[in-house]
Number of protein chains: 2
Amino acid sequence: MLEQIQVQSKFWRERQRVIREQMIPYQWNVINDLQSVNIASTNTGGDGDAQDTDKSYVVENFLIAAGKKQGKRGGMVFQDSDAYKWLEAVAYSLECYPDPKLQAQADSLVQIIADAQESDGYLNTYFQVNEPDRKYQSLYMSHELYCAGHFIEAAVAYYQVTKNQLVLDVAKRLADNIDAHFGPEDGKIHGGDGHEEIELALLRLYELTGEQKYLDLSKYFLLTRGQNPDFFEEQKRRDVALGRKSLIQGLDIMYSEFTPAYFQNDLPLDQQPDAKGHAVRVVYLSSALALGAALSGDAKLQQAAKNYWQSIVERRMYLTGAIGSTCHGEAFTADYDLPNDSMYGETCASVGLTFFAHNMLRSDHQGVYGDVMEQALYNTVLAGMSLDGKSYFYVNPLEARPQYSKQNPGLKHVLTRRAGWFACACCPPNLARMVMSVGHYAYHCDQNTIYADLYMESEAQFAFAERKLQIQQNTAYPWDGKITFTVRADQQGPEVKLALRLPEWCERYDLKLNGKEQQVTANAGYLYLDSGLADGDCIELDLHMSAQIVEANPLIAADYGKQAVVRGPMVYCVEACDNGENLQCLHLGSGDELQGHFDEQLLDGVYVLESKGCRRVFDFEQGRLYRAVNKSVAEQFRPQTLVLIPYYAWCNRAEGEMRVWLNPNPL
Amino acid sequence: MLEQIQVQSKFWRERQRVIREQMIPYQWNVINDLQSVNIASTNTGGDGDAQDTDKSYVVENFLIAAGKKQGKRGGMVFQDSDAYKWLEAVAYSLECYPDPKLQAQADSLVQIIADAQESDGYLNTYFQVNEPDRKYQSLYMSHELYCAGHFIEAAVAYYQVTKNQLVLDVAKRLADNIDAHFGPEDGKIHGGDGHEEIELALLRLYELTGEQKYLDLSKYFLLTRGQNPDFFEEQKRRDVALGRKSLIQGLDIMYSEFTPAYFQNDLPLDQQPDAKGHAVRVVYLSSALALGAALSGDAKLQQAAKNYWQSIVERRMYLTGAIGSTCHGEAFTADYDLPNDSMYGETCASVGLTFFAHNMLRSDHQGVYGDVMEQALYNTVLAGMSLDGKSYFYVNPLEARPQYSKQNPGLKHVLTRRAGWFACACCPPNLARMVMSVGHYAYHCDQNTIYADLYMESEAQFAFAERKLQIQQNTAYPWDGKITFTVRADQQGPEVKLALRLPEWCERYDLKLNGKEQQVTANAGYLYLDSGLADGDCIELDLHMSAQIVEANPLIAADYGKQAVVRGPMVYCVEACDNGENLQCLHLGSGDELQGHFDEQLLDGVYVLESKGCRRVFDFEQGRLYRAVNKSVAEQFRPQTLVLIPYYAWCNRAEGEMRVWLNPNPL
């Protein structure tokens with residue numbers, strides 16, 4: 001098993017550096033209200049997350065719940081989760097970069113949270129302070145188990161790194177409280193949370209503690225989903241009958257977007273062939289299904305996870321690994337309905353898709369999961385943060401035009417400048433915990449095989465029974481496909497093999513073991529080395545990485561007749577600051593004419609591409625919108641060399657248009 | 001001047017027949033609640049027009065206001081206007097098709113309305129019955145002057161046709177009441193209605209009565225617009241302070257879409273270079289500006305009208321003459337932002353654009369106004385109604401896909417089946433009054449010239465001073481471009497010339513006067529005959545009409561690289577029932593390969609086109625969304641003959657995809 005990994009990759013260490021130096025301290029200031037922030041609405045289709053304050057209230061809410069401070073509990077109903085996601089990101093940060101001062105801050109936060117927990121284990125500042133009589137009664141909107149799940153995930157991570165016993169005790173008491181209230185037994189609540197998250201968290205707690213009850217409770221939540229499609233509706237009707245107010249300002253309790261399908265509660269899991277409703281909820285649910293299947297071997301969970309996987313990855317995902325085609329309910333829509341400009345593509349959803357892919361690998365060793373993992377991670381997840389770590393995207397379009405976002409209300413959710421913070425601040429800390437733990441995604445193992453999933457310069461320690469192995473990976477990935485694995489291994493112990501993911505983008509590769517060419521063909525996306533690993537082994541994998549022109553399935557009407565450029569895991573885009581405005585008029589050159597080089601100075605160092613393409617000449621007379629195609633004057637183009645940068649790095653210079661899907665060579 | 005016209009065109013008489021036989025009796029039943037209807041929401045971005053009833057309340061509301069019936073006043077705040085638009089359509093119907101029974105119905109409605117009018121002339125059932133203390137105090141949402149305007153327009157039309165004195169008296173008393181409450185004088189209200197309409201209506205009343213005060217009041221409303229951008233905001237704030245409820249259910253008084261720009265009230269008219277906000281409001285305002293300029297010679301009105309014209313026609317209009325790029329506020333967005341699938345393109349907005357164009361012609365004799373008039377009329381306006389007159393579109397997209405409309409909430413306003421009625425029932429009666437009065441748009445005149453604007457088989461009577469002229473137009477337009485004008489004219493009297501609009505789509509034409517070829521070149525879109533009209537003159541105009549392939553200005557990103565097919569004034573589209581699903585995969589043949597014929601059986605008789613094009617072969621492997629472009633296998637197409645029908649006739653067969661903009665020939 002993977003015991004420990006040190007990420008040495010220059011690429012990832014730089015992303016981690018800005019999170020460690022900028023984002024984590026900044027978020028600490030935000031949650032402690034040491035710094036006022038300019039809060040952007042996320043425009044989820046309602047006005048639900050609009051706030052008239054620049055205060056986060058996060059830590060203050062816990063102090064109020066603990067009786068240590070007077071005041072009004074503030075922020076969104078799920079505001080507690082901001083603290084938990086910060087704590088989880090800090091755990092992974094401390095794992096890579098020990099920092100006593102930061103750890104002391106985190107310990108103090110753990111104490112504040114512990115103080116707020118009630119004696120029966122219940123923990124949620126909104127309901128403790130504002131509506132104690134409403135606990136667990138408004139699960140369609142309360143996010144109680146969602147917040148609990150984020151705390152438990154944070155606690156597991158923080159305990160694993162720091163051995164802080166208090167955080168684990170609070171988490172177990174909280175899980176026990178939930179166990180006491182939910183389940184199939186009479187007198188318990190027969191349902192789950194409107195926003196899935198507790199399912200995954202309980203599985204992590206089970207993995208850490210080995211306590212069966214947590215696995216059972218997670219499976220209960222998973223298998224209960226959709227059994228009673230009216231579950232949330234009943235709670236809504238009761239709340240309306242009791243005259244209770246909505247828990248999210250501006251969103252009516254009976255808000256029309258909150259259908260059973262929005263909550264993945266319209267059908268039992270084994271009858272849900274499509275990813276429907278809120279995209280983050282779907283991938284959090286799916287991640288739990290996949291991990292639950294891996295931990296319990298339950299075939300029903302496995303099948304449900306695969307159904308979701310196919311629906312998302314085969315019919316409802318953008319080239320950048322973004323998901324969620326509409327801002328209305330931040331949701332999936334229909335197969336192949338993938339508009340590039342009005343889409344949602346929430347950062348959190350792609351973080352969740354990364355979890356989902358990673359968890360699928362736990363029980364099903366297919367390279368496609370790793371392909372999607374790097375697709376989501378290197379493109380949408382990283383695009384969620386500016387290079388300096390100071391501003392964030394919630395929505396990640398494949399096509400943006402500042403003037404339209406300003407003047408077309410249907411596009412106002414598509415920011416063309418990253419924001420400093422959000423009223424619903426889920427994405428920035430989610431991104432932080434993902435990037436700080438990226439090493440966890442480099443390998444996965446089964447009984448006797450180490451699978452290399454995400455290539456990155458790193459040193460990893462493995463243990464198989466009593467046998468220890470170490471793999472030093474040297475590579476400039478994601479900018480270059482040459483990877484060298486140097487093995488140090490105990491002589492004694494079980495045989496351990498190595499399997500190397502052959503990315504879907506890779507058309508040619510060379511593989512050498514100790515200097516000797518290996519003839520290995522991929523099996524389900526992995527190159528399996530024949531012999532077991534031995535001390536001193538040197539494996540050289542050369543994934544030939546060149547820029548490629550890709551096209552979309554013709555069923556995707558939005559991309560029909562268009563082409564995009566990728567290189568390795570990176571999707572490329574054009575920006576107006578390199579190419580001028582009206583990017584819709586640009587045409588790529590032929591694939592042969594794509595040239596590239598690594599530019600150390602540009603955007604903190606990126607591999608930049610150039611295409612000898614052209615631009616449509618504006619030969620329309622002034623004031624003319626439409627005209628007959630004049631056959632005597634063929635469409636005219638003037639040569640233009642297109643400059644393409646990796647998508648994740650867009651919007652770090654001047655505000656302007658951006659576009660991923662381009663016109664093909666017209667000639 | 002045009003005194004009278006009898007429309008003989010088979011095309012238009014069939015449209016008028018369904019309105020006369022289906023729509024007018026149906027609407028009579030609806031407004032009298034003799035028939036329950038299945039009411040569709042129009043999804044204007046709020047839930048404002050959702051109703052939980054199938055009752056219209058329209059006539060009942062007047063009876064309640066008159067004290068002749070007990071009960072609760074029902075329907076939208078602007079429900080009265082449904083009766084007025086019905087009355088106006090009936091006026092034009094009676095003008096073409098005398099019908100004593102229908103006239104008796106209309107007379108009875110006039111009496112009911114007259115009974116409801118208060119002694120001071122005020123007339124609005126909502127405020128009379130529900131909130132008498134709130135009259136003229138919530139103009140941002142009250143639609144009081146909007147309803148008044150529709151009544152006055154109806155009254156003018158009905159009086160002109162039937163000489164019913166009561167209707168004119170009610171209209172004048174109503175206008176006088178408004179005059180007493182609005183204007184620059186101290187103690188009057190210094191502003192207008194949130195929804196323009198009264199401005200145009202007062203001008204029509206002035207034209208009929210010659211009473212200067214109505215012209216002055218209209219000009220007051222026009223020139224006041226935008227002088228105080230805070231006008232509506234002040235009324236909102238006062239209503240909130242007084243605890244008054246919103247006048248439109250589900251739309252908060254402070255609803256964020258209702259900005260000053262939404263009401264065209266953000267800037268004085270001479271500083272409004274762009275058409276902004278609610279599209280119907282913009283064109284109703286513009287129509288009044290154009291007519292006001294024609295009637296008063298006011299240069300400021302003329303300039304404001306031209307600014308709006310250029311903004312709309314040169315930068316913000318669809319090929320079909322549809323306007324309004326977003327459902328959020330049913331509004332204009334940004335220059336060249338013309339999405340084909342998520343657009344609004346309200347039927348009423350194109351009706352209003354037709355008014356606007358027609359009124360521009362009154363003072364500025366340029367063919368472009370006629371071009372846009374027929375573009376809007378033959379495409380979007382007519383598409384608003386099914387061929388049988390029983391169902392209607394509010395929204396008129398250039399691209400529709402039933403599955404996406406069902407599953408993507410951002411597209412739910414795009415119906416793919418016409419609805420039987422709407423909660424906000426503005427479009428059906430608006431369309432009815434437009435089509436029944438279409439003869440009025442055939443010609444316009446100035447001092448000594450008759451301008452032929454819309455070609456249609458008809459017999460028209462003109463009078464210039466004491467001289468009478470008659471023009472018999474024989475043509476199969478819009479299906480054929482040959483038009484013969486036969487003149488009967490008094491010998492005595494002023495010289496009268498004829499000018500014939502040369503449509504922008506027409507590349508070649510022949511013109512003969514009494515059998516002799518005329519060499520006339522167009523001047524600002526009109527062919528002016530040299531000599532004055534004489535009795536017995538026969539003018540033969542042959543506008544060579546053939547199918548053409550058109551392209552959009554490359555600044556319109558949504559249409560970039562696409563082509564559309566037009567023939568004469570008709571825009572064509574493809575439907576799935578003729579061409580199979582996934583219309584995005586169709587490619588047109590070359591322009592030379594467009595063939596067509598008139599099919600008497602199809603869609604009540606249409607000129608159908610065929611293009612020897614092709615369809616992209618689905619060569620993607622199962623479950624694959626994206627792939628590298630494989631240079632060894634070029635994109636593959638199989639031949640397919642595309643069947644194109646006129647856009648206005650879409651959605652009269654099976655429900656399915658529809659598309660106007662197609663891919664060009666790939667070969």
Side-chain angles (χ1 to χ4, degrees), chain A residues 45 47 256-257 310 313-315 317 319 325-329 331 333-337 339 341-342 399 401 403-404 406-411 505 507 548-557 560-561 563-564 566 582-585 591 616 618 620 622-629 631 663-664, chain B residues 45 47 256-257 310 313-315 317 319 325-329 331 333-337 339 341-342 401 403-404 406-411 505 507 548-557 560-561 563-564 566 582-585 591 616 618 620 622-629 631 635 663-664:
Chain A
D47 290 329
S256 61
E257 301 285 3
Q310 287 176 349
V313 171
E314 300 184 1
R315 298 188 298 274
M317 184 181 74
L319 179 63
S325 296
T326 178
C327 66
H328 298 270
T333 59
D335 286 348
Y336 310 109
D337 179 27
D341 54 349
S342 61
E399 183 182 323
R401 193 181 274 256
Q403 208 52 38
Y404 291 9
K406 285 184 186 72
Q407 294 185 254
N408 184 338
L411 300 175
W505 54 258
E507 292 180 339
Q548 289 176 312
I549 293 182
V550 299
E551 62 180 349
N553 190 314
L555 293 169
I556 306 175
Y560 187 87
Q563 296 181 338
V566 302
N582 287 301
L583 300 174
Q584 79 276 5
C585 297
R616 173 73 191 268
F618 288 176
F620 263 63
Q622 179 71 22
R624 191 74 173 271
L625 282 179
Y626 310 100
R627 70 173 182 198
V629 173
K631 274 164 285 183
N663 301 300
Chain B
D47 290 330
S256 61
E257 301 286 1
Q310 287 175 349
V313 171
E314 299 184 359
R315 300 189 296 275
M317 185 181 75
L319 180 62
S325 297
T326 178
C327 67
H328 299 270
T333 59
D335 285 347
Y336 310 109
D337 179 27
D341 55 348
S342 62
R401 196 182 271 258
Q403 209 51 39
Y404 291 9
K406 285 185 186 73
Q407 293 184 255
N408 184 338
L411 300 175
W505 55 257
E507 292 180 340
Q548 289 176 311
I549 293 182
V550 298
E551 62 179 348
N553 191 315
L555 292 170
I556 306 175
Y560 187 88
Q563 295 180 338
V566 302
N582 287 301
L583 299 175
Q584 78 277 5
C585 297
R616 173 74 192 267
F618 288 175
F620 263 63
Q622 180 71 22
R624 190 74 173 271
L625 282 180
Y626 310 100
R627 70 173 183 198
V629 172
K631 275 163 286 184
E635 289 190 326
N663 301 300

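Below, read A as the first sequence line, B as the second, and so on, with proteins coming before strands; counting in each chain starts at 1.
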Student: Write down the atom of A:Cys585, the atom of B:Pro554, and the distance for their closest heavy-atom approach.
Tutor: SG-O, 3.6 Å
Student: Contact part of A:Phe620 toward chain B, heavy-atom cut-off under 4.5 Å: side chain, backbone, both or neither?
Tutor: side chain
Student: To the nearest 0.5 Å, what is the distance between CD (B:Gln407) and OG1 (A:Thr326)?
Tutor: 12.0 Å
Student: So A:Gln563 and B:Val629, do their side chains get closer than 4.5 Å, heavy atoms only?
Tutor: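 Side-chain contact under 4.5 Å: yes.
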Student: How far apart are the closest heavy atoms of B:Ala334 and A:Gln403, and which atoms are they?
Tutor: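 Distance-wise, the nearest heavy atoms are CB-O, 4.3 Å.
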Student: Please rank B:Ala557, B:Ser342, B:Ser325 by heavy-atom pairs under 4.5 Å with chain A and give me the top one.
Tutor: B:Ala557
Student: Only pairs of heavy atoms separated by less than 4.5 Å count here; which of A:Leu319, A:Asn663, A:Ile556, A:Asp341 has the most with chain B?
Tutor: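 Answer, by heavy-atom pair count under 4.5 Å with chain B: A:Leu319.
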Student: Find the one option among A:Ile549, A:Val566, A:Asp335 whose heavy-atom pairs under 4.5 Å with chain B are most numerous.
Tutor: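 With the most close heavy-atom pairs to chain B, the winner is A:Ile549.
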Student: If you look at every heavy atom in B:Tyr560 and A:Arg616, which pair is closest and at what distance?
Tutor: OH-CB, 2.9 Å
Student: Does some side-chain heavy atom of A:Leu625 sit less than 4.5 Å from a side-chain heavy atom of B:Glu314?
Tutor: no
Student: Which atoms form the tightest heavy-atom contact between B:Leu555 and A:Tyr404, and what is the distance?
Tutor: O-OH, 4.2 Å
Student: Examine whether an atom of B:Asp337 lies under 4.5 Å from a heavy atom of chain A, and if so say whether it belongs to the side chain, the backbone or both; otherwise answer neither.
Tutor: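 For B:Asp337, the contact with chain A is made by backbone and side chain together.
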Student: Okay, side chain of B:Asn553, backbone of A:Arg624: is any donor-acceptor separation there less than 3.5 Å?
Tutor: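 Side chain of B:Asn553 to backbone of A:Arg624: a pair is present.
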Student: Determine yes or no for a side-chain-to-main-chain donor-acceptor pair under 3.5 angstrom, with A:Tyr626 supplying the side chain and B:Ala552 the backbone.
Tutor: no
Student: Based on non-hydrogen pairs under 4.5 Å, which of B:Arg315, B:Glu507, B:Gln548 is most in contact with chain A?
Tutor: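 Top count of heavy-atom pairs under 4.5 Å with chain A: B:Arg315.
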Student: Tell me, side chain or backbone of B:Asn408 under 4.5 Å from chain A's heavy atoms, or both, or neither?
Tutor: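 Both backbone and side chain.
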Student: Would you say that A:Pro409 contacts B:Glu257 through its side chain, given a criterion of any heavy-atom pair below 4.5 Å between the two side chains?
Tutor: yes
